[in-house]
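Below: the structure, in structure tokens.
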Number of protein chains: 2
Amino acid sequence: MTAAAPALAGLVRRLESIGPLTAAEREAVADLPAAIRTLPPRCPIVREGERPGQCCVVLQGWLCRSNVLGSGKRQIHSLHIAGDMPDLQSLHLPVMDHNLDTLTPALVAAIPHEALRELLASYPGVAAVLWRGTLIDAAMVRQWMVCLGRRAALEHTGHLLCEMYLRQQAAGLAAGFRCPLPITQSDLGDALGLSTVHVNRVLQSLRAMGLITLQNGTLRIHDWERLVALSEFDPTYLHREDAPV
Amino acid sequence: MTAAAPALAGLVRRLESIGPLTAAEREAVADLPAAIRTLPPRCPIVREGERPGQCCVVLQGWLCRSNVLGSGKRQIHSLHIAGDMPDLQSLHLPVMDHNLDTLTPALVAAIPHEALRELLASYPGVAAVLWRGTLIDAAMVRQWMVCLGRRAALEHTGHLLCEMYLRQQAAGLAAGFRCPLPITQSDLGDALGLSTVHVNRVLQSLRAMGLITLQNGTLRIHDWERLVALSEFDPTYLHREDAPV
DNA sequence: CGGTGCGTTGACATTTATCAAACGCGGTGG
DNA sequence: CCACCGCGTTTGATAAATGTCAACGCACCG
């Protein structure tokens, strides 16, 4: 059940990118009990309405949070990569108001709420960092919302690509304007609030403009400056202390 | 500068609706130093890019958080009523990534960050409640986003009306399926991601269905059940412990 | 070798935006 | 007291963006 030491190294790294930890705090986080699971793609982790007793940490692969409407339409509100804790909110809000699923094959660690609560009680510094983390998460959702409500499909898609590149770069998963984007156009549509067909056309259009290519789950950004300009992408909302790009 | 005792009573009430406070915590919150200001409608409070040194509490009136794009289009991500602390995040994320404005004439209290930090350090229970509050706030934004991305204008608008009624009811500002809705159709459009013209048509359509009327800044919901059904409104995301409605 | 899932394309339908104008109403100054 | 003005609402005509439906190709896999 309890993981070997290096399993939560990615989490420690992520938290330190959000705020400072003391050596004792680092160690306490790394020593959290974590049950590691390998999951297939499109696999439910937690469902709306449930009351989970643990939080999960992404070790590998992509996860998403979403809601599904009666019509079957799905809106993804966030994409999660290694280092993220997508359902940390369940620690304070017992009933899930959305779903958490894998998009790709994934490796996740489950940490019992109880262990987290003990950690937070003993190390208020960790609590502060996690709080800050949930605020950044919320800021990303708000920005996503602005794109959904007020940007055209082209700009919106470009904005998402910029965000996912920068986030992966910060996590050490990308460099050189090249990063994994291992999800289908249909999932992308659920994230962007667009139909699959339209996503396809928008991507082609971005490619025709010489801005990106997207092949075999790899995104290549050929002209970062123009893509940023087109999407009016301003990384402030990621609240990174170091300078992005 | 420092407010008379009852000024922050609404804040205490709101926090207690989010989580339990001890008598000492209640008192400490009520004793926070607060500079009260009266503001006109459409008045900026904090701008994107700024580093505010205080958080504001709404005492009266409506505020909104928004981003404005280069094209001049505005997306409102949340509406705030008495008891809300719309910019609490500035305590942990120094640079604002959005704007905070009044929509109506408003009374707001400004609380210095320093005083809040001292409060949180002395009363971890208050910190926990505020954290939970920011998580609920994030949950509302996510739901708003689902509406924006995947619901048609009619359902979306209905959903917003349901939310604003319930939130005001919880704050003791509404009852009997009647509540203030003191904002223009143009602001409503910026919240819903729709044009003013379309908002107008949607509202007429909701009225024609016998679901609501909206006159002189007052919303009347004539058929709560049907409005909830139409909008697939599920109040889980408000995370109220008492049963709504 | 035949599925199955994903990407692509075309034709067409629908929703929503945009533009322009008129209306109503409360406030204000002559 | 009345005319005018500004703001918000309402209406109609038209345009643009995006969705839906249907079909096809292509690669991977059993």
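Labels below follow one simple rule: chain letters A, B, ... track the order of the sequence lines, proteins then strands, and each chain is numbered from 1. All values derive from a computational prediction rather than experimental measurement. Below, all heavy atoms of this structure are taken into account, side chains as well, without hydrogens, waters or symmetry copies.
Between A:Gln215 and C:dG7 there is no side-chain N or O to OP1 or OP2 distance below 4.0 Å. At least one side-chain nitrogen or oxygen of B:Asn200 sits closer than 4.0 Å to the OP1 or OP2 atom of D:dT10. In terms of phosphate contacts, A:Gln204 brings a side-chain nitrogen or oxygen within less than 4.0 Å of OP1 or OP2 of C:dT9. OP1 or OP2 of C:dT8 has at least one side-chain nitrogen or oxygen of A:Gln185 nearer than 4.0 Å.
Here the closest non-hydrogen pair linking B:Cys56 and B:Leu63 is SG-CD2, 4.2 Å. Of all heavy-atom pairs spanning B:Arg150 and A:Gly189, the tightest one is NH2-O, 3.1 Å. Of all the heavy atoms in A:Arg13 and A:Ala171, the pair that sits closest is NH2-C, 3.6 Å. Heavy atoms only, all atoms of each residue included: A:Ile81 and A:Val58 are closest at O-CB, 3.4 Å.
Put simply, CG on A:Leu181 is 15 Å from C1' on C:dG7, counting in whole angstrom units. Taking atom CZ of residue A:Arg207 and atom C1' of nucleotide C:dT9, one finds them 14 Å apart after rounding to whole Å. Rounded to a whole Å, the CG atom of A:Leu188 is 20 Å from the P atom of C:dG5.
A:Tyr237 has its ring centre less than 6.0 Å from the ring centre of A:His159.
A rotation axis mapping the C1' atoms of four pairs onto the next four is fitted at both ends of the helix from C:dC1-D:dG30 to C:dG30-D:dC1 over five pairs, and the angle between these axes is 30° to 10 degrees.
Residues A:Thr184 and A:Asp187 bring a donor and an acceptor atom of their side chains to less than 3.5 Å of each other.
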### Task
Decide yes or no on side chain to side chain donor-acceptor pair (under 3.5 Å) for B:Thr236 and B:Asp234, but give the supporting numbers first.
CA-CA 6 Å; B:Thr236 303; B:Asp234 173 354; 2.6 Å; yes
### Query
How does protein reach along nucleotides 17-30 of chain D, written 5' to 3' as B (base within reach of a heavy atom under 4.0 Å), S (only sugar-phosphate), or - (no contact)?
-SSBB---------
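Between B:Asp87 and B:Arg65, none of the side-chain N atoms (NZ, or NE/NH1/NH2) sits under 4.0 Å from a carboxylate O, so this pair counts as no salt bridge.
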